[in-house]
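Reviewing the structure listed below.
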Amino acid sequence: MSLKEKLASLLFGSKAATEAEDQIQEELAVDQTAETKADGGFDQALLELPAEHPLYQLYELRRRESGYLPAPRLSLDEEGALPEEMIRRELARLRTALTSLCGSRMKQVKEFNKSKLRKKKDQEELEEPEETLSLDAQPYFFLSADKLYAWIIILPPIGEGQEVNRDLLFQAMLDQGVTYGVDEHLVDRLPVHDRKYFHLFPFAQGKPAFDGENGNIVDYFPRSIVHTLDVDEYGQVDYTNLNLIFNVNKDQEICRLILPTEGELGRTVQDQEIPAKSGKSVPLPKGRNTEISEDGLSLLASIAGHVEFTGRSFQVKPVLDIPGNVDFSTGDINFLGDINIKGDVLTGFTVRAMGNIHVAGVVEAGSSVESGGDLVVVKGILGDGTTVVRSHRSIFSKYIENATIYARENLQTDCIINGSIYCDGEVIVRSGRGCIMGGRVWAAKLINVTSIGSQSECRTSVALGGLPCTNFEREVIQQELKDLEIELEKMECQLDSPAKTSLLNKTRMKLSVAELKLKQLEDDLANIKIELLEKEHGRLECAVVYPGTEISFGDEMLRVRQERRQCVAKLVCGEIVLL
């Protein structure tokens, strides 16, 4: 069967239509497969259409008229520059567009041929000249969804229609509004291109819009301090190099503002403006004792002191330098900022600070130190059972002996001897001797130690889980209540006098305040008791546990009867397990 007969059968629905259509499909499939392989393998941007698609029907019409025609090739991205997600999305749209375009053109051909058949007898009787369908070449622009890309495909003329030329291209450009980013060289060579029909060419590319970058802050001081204690080859830690205090001079720059940038407008291939967002500005984190420079780009320190980030802003705390010891020359110290003590805290003296405290020497027996931030004692804490050291963050000390320690976060030291430790975080005793001997250590999360107890089986208590610091505060208030009650009883036995009345009123007021504090703590403990039961209990990790050691998790307690090495203690199903 000739190509003319195949096409006639396909268009007019004769009995041989099925055979002709199958043969055409095989020929087109062979042509397209060969071309795809010749180009180097499978092209993900190539649109594959079934052989019965209207585009292939138009292709057969043109091939019948011209004798030879390169196979259709519809690739959105010959160079592999477009993202795969975009290609998948646009291929679906292209399939729909070509089905509509080619289907409409093929419908014209079919309707003309049907009309021609109806008039055939009349034309033979009247001997009128035979009518022929004449359709000019049809350039079609396919635009991406964002209208930043435009491709062109040209359908060939039918019958005596006009071949594609520059005028037809320019007219199609005006009709579809494709005027920006046009490939002028392609416009010149398309009319003479050997693949000008049934081939998809990238025709125009717009200019994408770029949003501006948000403003940013460049910090010259850290916002968060990570305490890392380096242990040398001898197992020793240098507590002098923790760098808790970051000194700043007056008018020194703390951070700098990077201004936001303006957005860059884009342009579609239809010469329409694409809006762009400008970057958002960010405020300088101005806090206490800081000021903004005249140009508004820098945050400066208004006083000399220590820089600290409080979560929302930088602030400068004044730093109190004590060149020697805390003794009778300085008296008790109560300071709102940070304190840097280059000597010792001697017996009987108290040091309190809202910020960090750094002690280059020793905290001696009978003294009291309380820090709102971190506390570093380079040479250690040597108490006598009455020494109390409190920190609302972490404590770092060379050693701790006969002292009560309160740490809201973590505690790290080389040795604990007969101490009373209350820590809501982790207790790390791995450097140096790495031992805990005597006393009681209570940590909420973890105790990591080299050895617990001693070969002489001194009694050492280790507790895990719960709220150590809150229980410590309760014990302090309970002791305060007992002392006030005893003092009140002594006063009531004295002779009546105006001084007695005044002291009684003050003592009763202190007693009422202490009772309110205790009630508040009891309520807080009751409210979070259930929550604590649901949380994971603490954990003990140690290299050696000696007999005489008591390990407790809440009400559960385990007495170690024999030496254990490389062990881990934890609570499993309500029982303490020593692995």
Side-chain angles (χ1 to χ4, degrees), residues 222-231 237 239 242-244 308-311 353-359 363 369-377 380-381 388-400 403-417 419-432 434-436 439-450 452 460-476 521 524-525 528-529 531-543 551-554 568-571 576:
R223 297 199 177 199
S224 60
I225 302 174
V226 179
H227 302 300
T228 56
L229 299 181
D230 297 327
V231 182
V237 172
Y239 288 90
L242 289 182
N243 295 324
L244 293 181
E308 186 178 73
F309 188 76
T310 60
M354 292 291 290
N356 303 320
I357 297 178
H358 185 277
V359 181
V363 174
V369 179
E370 183 173 358
S371 168
D374 294 317
L375 170 64
V376 177
V377 185
I381 300 171
V388 179
V389 175
R390 301 179 60 160
S391 172
H392 291 272
R393 288 188 187 171
S394 298
I395 295 178
F396 305 89
S397 178
K398 183 67 176 176
Y399 64 87
I400 297 170
T404 299
I405 306 296
Y406 169 104
R408 277 289 184 183
E409 293 184 1
N410 301 322
L411 168 66
Q412 183 155 347
T413 183
D414 288 359
C415 179
I416 300 175
I417 299 175
S420 296
I421 312 297
Y422 300 85
C423 178
D424 279 352
E426 300 177 355
V427 174
I428 309 298
V429 193
R430 278 289 185 179
S431 56
C435 65
I436 297 176
R440 186 190 189 202
V441 177
W442 187 0
K445 297 179 180 178
L446 171 69
I447 296 178
N448 190 341
V449 59
T450 302
I452 302 177
T460 305
S461 176
V462 174
L464 290 151
L467 294 171
C469 291
T470 304
N471 280 275
F472 171 75
E473 291 174 353
R474 182 173 61 176
E475 292 174 5
V476 171
L521 280 175
D524 292 343
L525 285 171
I528 62 179
K529 187 175 181 181
E531 183 181 348
L532 282 175
L533 292 174
E534 295 175 352
K535 287 185 177 180
E536 183 180 356
H537 293 278
R539 177 184 176 92
L540 169 65
E541 300 175 0
C542 59
I551 303 172
S552 61
F553 288 79
V568 174
K570 56 185 178 179
L571 193 66
I576 300 176

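Because the structure is predicted, anything quoted here is derived from the model rather than measured. Side-chain atoms are counted along with the backbone in the values below, which use heavy atoms only and exclude waters and symmetry mates.
Contact record, Ser371 with Gly355: OG-O, 3.0 Å, taken as the closest heavy-atom pair. The minimum heavy-atom distance linking Leu411 with Ile400 is given by the pair CD1-CD1, 3.8 Å. Counting all heavy atoms, side chain and backbone alike, Gly466 lies closest to Ala444 at O-CB, 3.7 Å. Scanning both residues, Arg393 and Gly372, for their nearest heavy atoms gives CG-O, 4.2 Å. For the pair Pro468 and Cys423, the tightest heavy-atom approach, listed with the atom from each and the gap, is CG-O, 3.2 Å. Here the shortest heavy-atom pairing between Asp374 and Ser391 reads CA-OG, 4.0 Å.
Rounding to the nearest 0.5 angstrom, the gap separating the OG1 atom in Thr450 from the CG atom in Asp414 is 9.5 Å. Note: Arg430 CZ to Cys542 SG = 7.5 Å, rounded to the nearest 0.5 Å. Atom OG1 in Thr460 sits 10.5 Å away from atom CD1 in Ile417 (nearest 0.5 Å). Interatomic distance, CD1 of Ile576 versus NZ of Lys570, reported as 13.5 Å (0.5 Å rounding). How far CE of Met354 is from CD of Glu370: 10.0 Å, rounded to the nearest 0.5 Å. Note that CD1 of Ile421 is 10.5 Å distant from CZ of Phe472, once rounded to the nearest 0.5 Å.
Remark: Asp424 engages Arg408 in a side chain to side chain donor-acceptor pair (under 3.5 Å) (not counting sequence neighbours). Under the salt bridge (Lys or Arg N to Asp or Glu O under 4.0 Å) criterion, Glu541 pairs with Arg539, sequence neighbours left out. Residues forming a side chain to side chain contact (heavy atoms under 4.5 Å, CB included) with Val429 (at least two apart in sequence, or on another chain): Thr413, Ile416, Val427, Ile436, Val449.
Between His392 and Tyr406, the two ring planes are perpendicular [angle over 60°; tilted spans 30° to 60°].
The side-chain heavy atoms of Val369 and Val377, taken from C-beta on, include no pair separated by under 4.5 Å. Between Ile405 and Ile395 there is a side-chain heavy-atom pair separated by less than 4.5 Å. No side-chain heavy atom of Asn410 sits under 4.5 Å from any side-chain heavy atom of Lys445.
A side chain to side chain donor-acceptor pair (under 3.5 Å) with Tyr422 is found for one member of Glu475, Glu473, Arg390 and no other, namely Glu475.
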